[in-house]
Protein chains: 2
Amino acid sequence: MEDKLLLLRQHFEEIVSLTDEEWDFVQSHFEYKSLKKHQFLIQVGQPVDFEYWIIKGLVKAYSIDEKGKEHILQFAMEDYWVSDHCAFQHQKPGTIFVDCLEDSEFFCLSLENREKICFEVPAVANFFRIKSNHGYINLQQRILSLLTMTAESRYEYLLNKLPKLIQRVPKKLIASYLGVSRETLSRFNS
Amino acid sequence: MEDKLLLLRQHFEEIVSLTDEEWDFVQSHFEYKSLKKHQFLIQVGQPVDFEYWIIKGLVKAYSIDEKGKEHILQFAMEDYWVSDHCAFQHQKPGTIFVDCLEDSEFFCLSLENREKICFEVPAVANFFRIKSNHGYINLQQRILSLLTMTAESRYEYLLNKLPKLIQRVPKKLIASYLGVSRETLSRFNS
DNA sequence: CTTGAAAAGTGATGTAGGTCACTTTTAGCT
DNA sequence: AGCTAAAAGTGACCTACATCACTTTTCAAG
């Protein structure tokens, strides 16, 4: 476990500096969790008690429309944060599903604990501020890509940006992330 | 000007508490700017020295594709923050345009000053953290709407969510925000 | 190594929404 | 009030992509 916590510390220290005492305080507010492939981290209608930092593994966050079709909001793997941020922030029931595409391990942070460490250790508030800002920028890029690009160029773009991801995820899920049908995506390569 | 700064303080205090001394310190790091309709706040290729809190007015943030078509990332009005967050954060040249749809006034915050007040006044770091988180949640919603909804229902959704905005913005810009052509949008009402 | 299920590929056909060209309406300036 | 330019509406036609139905390939579990 120490090695895993060290990874988390490194993740924080990529952005802000923490003293050993600060880190001891911070790390004591995380819980550990591990799940097998196909198990759910978050489900629609269930409480969302945590946001999760992924130690290892791969998950998908998605919602299901009236027709039963899956729409993928995010893939998240090692070193990513994932949650139903909306439900988590407002402590409401989940609005999306998050489940594991591979066996996965997480460090879990409750809202109460997050606010505690943010108000106790300013560097942590700055860490989350900067992280959140990066996330915002990424989503803006994705919106632009949905507005400006064809399905095919969105696919090429993703191939370049996250080649590793494509290896680990079935194409039909990539299609659902790009907002295109499985069949259409399949016709792109050829 | 005092009244305008008071508005800004209220904006901060909706989320965090600040002492008078803290506020004095914080407010001294903002600059005031005012622009007429059609003037640019940010331009592609130009330095992005600030992020802007809108005291009054309305702006659009957009990019222009190879075919010269405009794609609107965001409308922002009173009490909103706006910038080219990506360029601002990395101090790179602008990647989008932001211009005024109405005469507008802003408080401007440089990156240096933002980091200064965030590291000096922890409440401010928490303010931006929480704000940024809200922004992230909004963008996620918009991505979901682009993935799951038809152009028509996205329009209806927007009509319900921001009726005031529709009054102030020409429909062709709404179309560009929704990712639909002007002509198609025009056929929805009828 | 086999086998059953999930994933991927493929053809035929349907449709939401785009594009182009033109008309009508609205709104800002002098 | 009168004029110009931008905005909005509309018809005809086009295309990217969806959907459906089916086949082939891949892969994991016994």
Side-chain angles (χ1 to χ4, degrees), chain A residues 36-39 57-58 60 62 64-72 75 97 99-104 143-159 163 165-190, chain B residues 35-39 57-60 62 64-72 75 97 99-104 143-159 163 165-190:
Chain A
K36 295 282 172 202
K37 188 170 172 172
H38 295 130
Q39 290 186 312
L58 177 60
K60 65 176 199 274
Y62 59 102
I64 295 194
D65 68 22
E66 326 81 59
K67 291 165 209 141
K69 214 167 108 179
E70 198 174 297
H71 301 274
I72 295 189
F75 293 108
F97 295 95
D99 66 25
C100 299
L101 298 173
E102 302 173 359
D103 298 351
S104 304
I143 286 173
L144 257 189
S145 80
L146 285 168
L147 291 177
T148 62
M149 296 161 89
T150 65
E152 183 155 16
S153 44
R154 266 178 275 145
Y155 182 51
E156 280 162 18
Y157 179 73
L158 188 66
L159 279 177
L165 186 74
I166 317 288
Q167 310 308 112
R168 289 165 73 174
V169 174
K171 288 229 178 102
K172 68 164 184 175
L173 296 183
I174 302 287
S176 150
Y177 175 86
L178 293 172
V180 77
S181 73
R182 190 185 69 66
E183 293 93 333
T184 299
L185 185 77
S186 155
R187 285 181 242 261
F188 287 159
N189 304 328
S190 52
Chain B
L35 288 179
K36 296 283 172 203
K37 187 169 172 171
H38 294 131
Q39 290 187 310
L58 177 60
V59 305
K60 66 175 200 276
Y62 58 103
I64 295 192
D65 67 22
E66 326 80 61
K67 290 163 209 142
K69 214 165 108 181
E70 196 174 298
H71 301 274
I72 295 189
F75 294 109
F97 295 95
D99 67 25
C100 299
L101 298 173
E102 302 173 0
D103 297 352
S104 305
I143 286 173
L144 258 188
S145 80
L146 287 168
L147 291 178
T148 64
M149 297 161 87
T150 65
E152 185 155 18
S153 44
R154 263 178 276 146
Y155 182 49
E156 281 161 18
Y157 179 74
L158 189 67
L159 279 177
L165 186 75
I166 316 289
Q167 310 309 109
R168 290 166 74 175
V169 174
K171 289 231 179 96
K172 68 165 184 173
L173 296 184
I174 302 287
S176 150
Y177 175 85
L178 292 172
V180 77
S181 75
R182 191 184 70 65
E183 294 92 333
T184 298
L185 187 78
S186 156
R187 284 180 243 260
F188 288 158
N189 306 328
S190 52

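Hydrogens, waters and symmetry mates play no part in the numbers below; they use all other heavy atoms, side chains included. In what follows, every chain begins at residue 1, and chains take the letters A, B, ... in the order their sequences are listed.
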Heavy-atom nearest nucleotide on DNA chain D for A:Lys37 versus B:Val169: which residue maps closer to 5'? B:Val169

Using only atom types and a distance under 3.5 Å, with no angle test, would you say the side chain of B:Ser145 pairs donor to acceptor with the backbone of B:Arg154? no

It should be established whether A:Lys171 places a side-chain nitrogen or oxygen under 4.0 Å from OP1 or OP2 of nucleotide C:dA7. no

Closest approach of B:Val59 to B:Ser104 (non-hydrogen atoms, all atoms of both residues): CG1-OG, 4.3 Å

Nearest-Å distance for atom pair NZ/P, residues A:Lys172 and D:dT26: 17 Å

5'-most by nearest nucleotide on DNA chain C - B:Glu152 or A:Pro170: A:Pro170

Measure the distance from CG on A:Leu173 to C1' on C:dA6 and round it to the nearest whole Å. 11 Å

B:Glu102: which of B:Lys37, B:Arg168, B:Lys60, B:Lys36 passes salt bridge (Lys or Arg N to Asp or Glu O under 4.0 Å): B:Arg168

Is there side-chain contact between B:Leu173 and B:Phe75, with at least one heavy-atom pair below 4.5 Å? yes

How many whole angstroms separate atom CZ of B:Arg182 from atom P of D:dT10? 12 Å

So, is B:Thr184 close to the C:dG17 phosphate, meaning a side-chain N or O under 4.0 Å from OP1 or OP2? no

Nearest whole Å is fine: how far is D:dA29 P from A:Lys36 NZ? 12 Å

Taking N and O atoms by type only, does the side chain of A:Arg187 place a donor or acceptor under 3.5 Å from a partner on the base of C:dG11? yes

Tell me whether the OP1 or OP2 atom of C:dG18 has a side-chain N or O from B:Lys69 closer than 4.0 Å. no

B:Glu102 CD to C:dA27 P, in whole Å, measures 14 Å

Would you mind reading off the distance between B:Asp103 atom CG and C:dG28 atom P, rounded to a whole angstrom? 12 Å

How close or far is atom C1' of D:dA16 from atom CZ of A:Arg154, stated in whole angstroms? 11 Å

Whole-Å distance between D:dA8 P and B:Ile174 CD1? 9 Å

Please state whether the rings of B:Phe188 and B:Tyr155 are parallel, tilted or perpendicular, taking 30° and 60° as the class boundaries. tilted

Tell me what A:Glu183 touches on the nucleic acid: a base, only sugar-phosphate, or nothing, going by heavy atoms under 4.0 Å. base

